[in-house]
Amino acid sequence: MKDYRVAIVGATGMVGHEFIKVLEQRRFPMASISLLASDRSAGKKLRVNHQEIEVKETDPESFLEVDIALFSAGSETSRYFSPIAAQSGTVVIDNSSAFRMDASVPLIVPEVNAEDIQQHRGIIANPNCSTIQMVVALNPLHKVNPIKRIIVATYQAVSGTGIAAVEELRTQAKQVLDGQPTTAHVYPHQIAFNLLPEIDVFLDNNYTKEEWKMVEETRKIMHANEIAISATCVRVPIFVGHSEAIHVDFSRPISPEEARRILTQAPGVKIVDDPGISLYPQPWPAAGSDEVFVGRIRQDASLPNGLAMWVVADNLRKGAALNAVQIAEEMIRRDWVRQGG
Ligand code: NAP
Ligand code: 3JN
């Protein structure tokens with residue numbers, strides 16, 4: 001078994017911590033691990049596989065002896081350092097939106113389009129968390145009965161915004177319960193005991209960028225530019241776990257039983273669906289799990305060929321770190337990564 005020299009860029013962040021956990025839990029074959037961040041965190045120590053590793057500031061030299069670099073330090077950092085890393089022969093798996101819609105960069109969810117990895121030129125993009133869980137649930141149905149239209153509303157946890165937002169929800173929740181006034185720093189309004197239908201910036205078409213990412217990324221991953229998609233993305237006062245109410249219009253009629261049968265066989269999907277005993281996916285129990293949970297599968301009463309469903313996943317795992325590590329594992333399985341360790 002070969003071992004690979006791995007780097008995490010953004011190791012001190014929310015996704016970075018999850019990267020470390022996922023690599024440890026899956027016994028990823030590592031010859032070495034470099035933990036990289038900005039100068040703010042240089043010198044900090046983090047534990048990986050029971051070893052204390054010092055965090056280093058990311059610089060152009062950081063990738064000279066790295067086979068696989070996992071990026072989660074925002075799109076600006078990715079835009080600057082990914083091409084430098086790729087130039088030195090490192091395979092970059094990037095969690096940011098920097099390259100997702102670049103035609104020369106594969107955008108990968110291994111359960112859906114692993115074969116697209118082969119077209120990479122050094123950089124592979126990890127999709128947005130809300131897109132990932134939706135395509136894992138919908139692609140198996142689309143293959144049997146092509147989808148014409150998707151209407152989705154998301155309920156996104158604050159961990160999707162990063163460490164500062166998790167702290168903001170914790171602080172505000174306590175302030176509200178103590179009868180104190182709250183102040184908002186990360187979000188434009190209080191998030192505790194509230195909902196904000198604003199994720200990322202507003203675009204000229206009055207959708208948010210997060211909503212538009214779901215539209216464009218879904219079509220690219222599923223190779224289905226013809227699917228009509230409309231999304232409303234909402235931030236909810238939940239720490240971990242994104243949920244989605246999805247309404248799908250298919251080419252032909254499809255029963256909930258048939259959809260359940262297809263999804264039971266689908267990789268990465270777990271059906272949790274027994275309304276009689278109030279069994280359906282929820283973000284709290286989904287946190288820490290790898291699967292995309294699907295339930296509330298029912299006929300959409302407003303459409304002859306429609307289904308409605310409720311889809312939940314851990315946004316930091318399948319929505320970010322796990323999906324990226326699965327891409328690396330897929331490449332290793334196919335012997336597509338240089339190994340210099
Ligand atoms: P976070 O908790 O705020 O962490 C940000 C990380 O980036 C920290 O490790 C930070 O290091 C590092 N960083 C910031 N500026 C840097 C620079 N100039 N050079 C090197 N490192 C730098 O955020 P997060 O939630 O982990 O998310 C990080 C990024 O991952 C996001 O911006 C996004 O692009 C991506 N993401 C993707 C998904 C997805 O849907 N797939 C989900 C969440 C996040 P310091 O400790 O030094 O500040
Ligand atoms: O808000 C969420 O739940 C997911 C956030 C993702 C995110 C946050 C900051 C910057 C992204 C992303 O992955 O699209 C980005 C970005 O890279 O644009």
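Counting starts at 1 for both ligands and their atoms, following the listed order. Position 1 is the first residue of the sequence; numbering continues from there. A quick note: this is a predicted structure, and the numbers were derived from the prediction, not measured.
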Protein contact to [atom] [nearest heavy atom, distance to 0.1 Å]:
| atom | value |
| --- | --- |
| atom 29 (C) of ligand 1 | Gly74 N, 3.5 Å |
| atom 18 (N) of ligand 1 | Thr77 OG1, 3.5 Å |
| atom 2 (O) of ligand 1 | Met14 N, 2.9 Å |
| atom 35 (C) of ligand 1 | Asn95 O, 3.6 Å |
| atom 4 (O) of ligand 1 | Gly13 CA, 3.2 Å |
| atom 23 (O) of ligand 1 | Gly162 CA, 3.9 Å |
| atom 13 (N) of ligand 1 | Ala73 CB, 3.8 Å |

* To do: Any chance you could lay out the side-chain hydrogen bond (donor to acceptor under 3.5 Å, both in side chains) test for Gln175 and Arg170, step after step, and finish with the verdict?
  => CA-CA 9 Å; Gln175 285 169 331; Arg170 201 173 277 137; over 6 Å; no
* To do: Decide side-chain contact (heavy atoms from CB on, under 4.5 Å) for Trp212 and Asn205; before the verdict, give the C-alpha distance in whole Å, the side-chain angles of both, and the deciding distance to 0.1 Å.
  => CA-CA 10 Å; Trp212 212 247; Asn205 63 8; 3.6 Å; yes
Any idea which atoms of ligand 1 are less than 4.0 Å away from a heavy-atom of [X]?
| X | result |
| --- | --- |
| Cys129 | 39 (C), 40 (O), 41 (N) |
| Ser96 | 34 (O) |
| Gly160 | 43 (C) |
| Asn126 | 41 (N) |

May I ask you to decide if [Y]'s main-chain N or O and [X]'s side chain share a donor-acceptor pair within less than 3.5 Å?
| X | Y | value |
| --- | --- | --- |
| Arg100 | Asn126 | yes |
| Asp116 | Pro106 | no |
| Thr77 | Ala73 | yes |

* Measure from atom 6 (C) of ligand 1 to every heavy atom in Ser72, Ser41, Ala37, Ala320 and give the option owning the shortest one. => Ser72
Heavy-atom side-chain proximity of [X] to [Y] below 4.5 angstrom:
| X | Y | result |
| --- | --- | --- |
| Ile227 | Ile150 | yes |
| Asn95 | Phe71 | no |
| Phe202 | Glu198 | yes |
| Thr232 | Thr154 | no |

* **For Asn128, the option from Gln133, Glu210, Lys209, Glu216 that meets side chain to side chain donor-acceptor pair (under 3.5 Å)** => Glu210
Ligand 1 to [X] polar contact by distance, N or O atoms, under 3.5 Å:
| X | value |
| --- | --- |
| Val9 | no |
| Gly319 | yes |
| Ile163 | yes |
| Arg40 | yes |
| Gly10 | yes |
| Asp39 | no |
| Val15 | yes |
| Ser38 | yes |
| Thr58 | no |

* Asked: Closer than 4.0 angstrom: is that true for some heavy atom of Pro127 and an atom of ligand 1?
  ->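 So Pro127 counts as touching ligand 1.
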* To do: Could you walk me through whether Ile124 and Val91 pass side-chain contact (heavy atoms from CB on, under 4.5 Å), step by step?
  => CA-CA 8 Å; Ile124 295 156; Val91 165; 4.2 Å; yes
* After noting the C-alpha distance and the side-chain angles of Thr12 and Arg40, does the key distance pass the side-chain hydrogen bond (donor to acceptor under 3.5 Å, both in side chains) rule? -> CA-CA 10 Å; Thr12 51; Arg40 291 179 294 273; over 6 Å; no
* Asked: Does CD belonging to Gln25 count more than 12 external heavy atoms closer than 6.0 Å?
  ->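 More than 12 within 6.0 Å, yes.
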* To do: Would you mind telling me if ligand 1 is within reach of the side chain of Leu316, the backbone, both or neither, using heavy atoms under 4.0 Å?
  =>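 Looking at Leu316 and ligand 1, no heavy atom falls under 4.0 Å.
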* Under-4.0 Å heavy-atom contact with ligand 1, by part of Thr12 that carries it -> both
* **Between CZ on residue Phe28 and CD1 on residue Ile33, distance to nearest 0.5 Å** => 9.0 Å
* Asked: Any idea how Trp310 and Tyr155 line up, ring-wise: parallel (<30°), tilted (30 to 60°), or perpendicular (>60°)?
  ->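 Trp310 and Tyr155: perpendicular rings.
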* Asked: When you check the gap from the basic side-chain N to the acidic O, do Arg26 and Glu329 get nearer than 4.0 Å?
  ->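 A salt bridge links Arg26 with Glu329.
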* Residue among Arg260, Arg296, Arg261 satisfying salt bridge (charged side-chain N to carboxylate O under 4.0 Å, His left out) with Asp273 -> Arg260
* Heavy-atom cut-off of under 4.0 Å around ligand 2: list whichever protein residues fall inside it, by chain and number. =>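 Within 4.0 Å of ligand 2, the protein residues are Asn95, Ser96, Ser97, Arg100, Asn128, Cys129, Gln156, Gly160, Ile199, Glu210, Lys213, Arg235, His242.
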* Stepwise side-chain hydrogen bond (donor to acceptor under 3.5 Å, both in side chains) test for Ser159 and Asn315 -> CA-CA 8 Å; Ser159 53; Asn315 52 300; 2.9 Å; yes
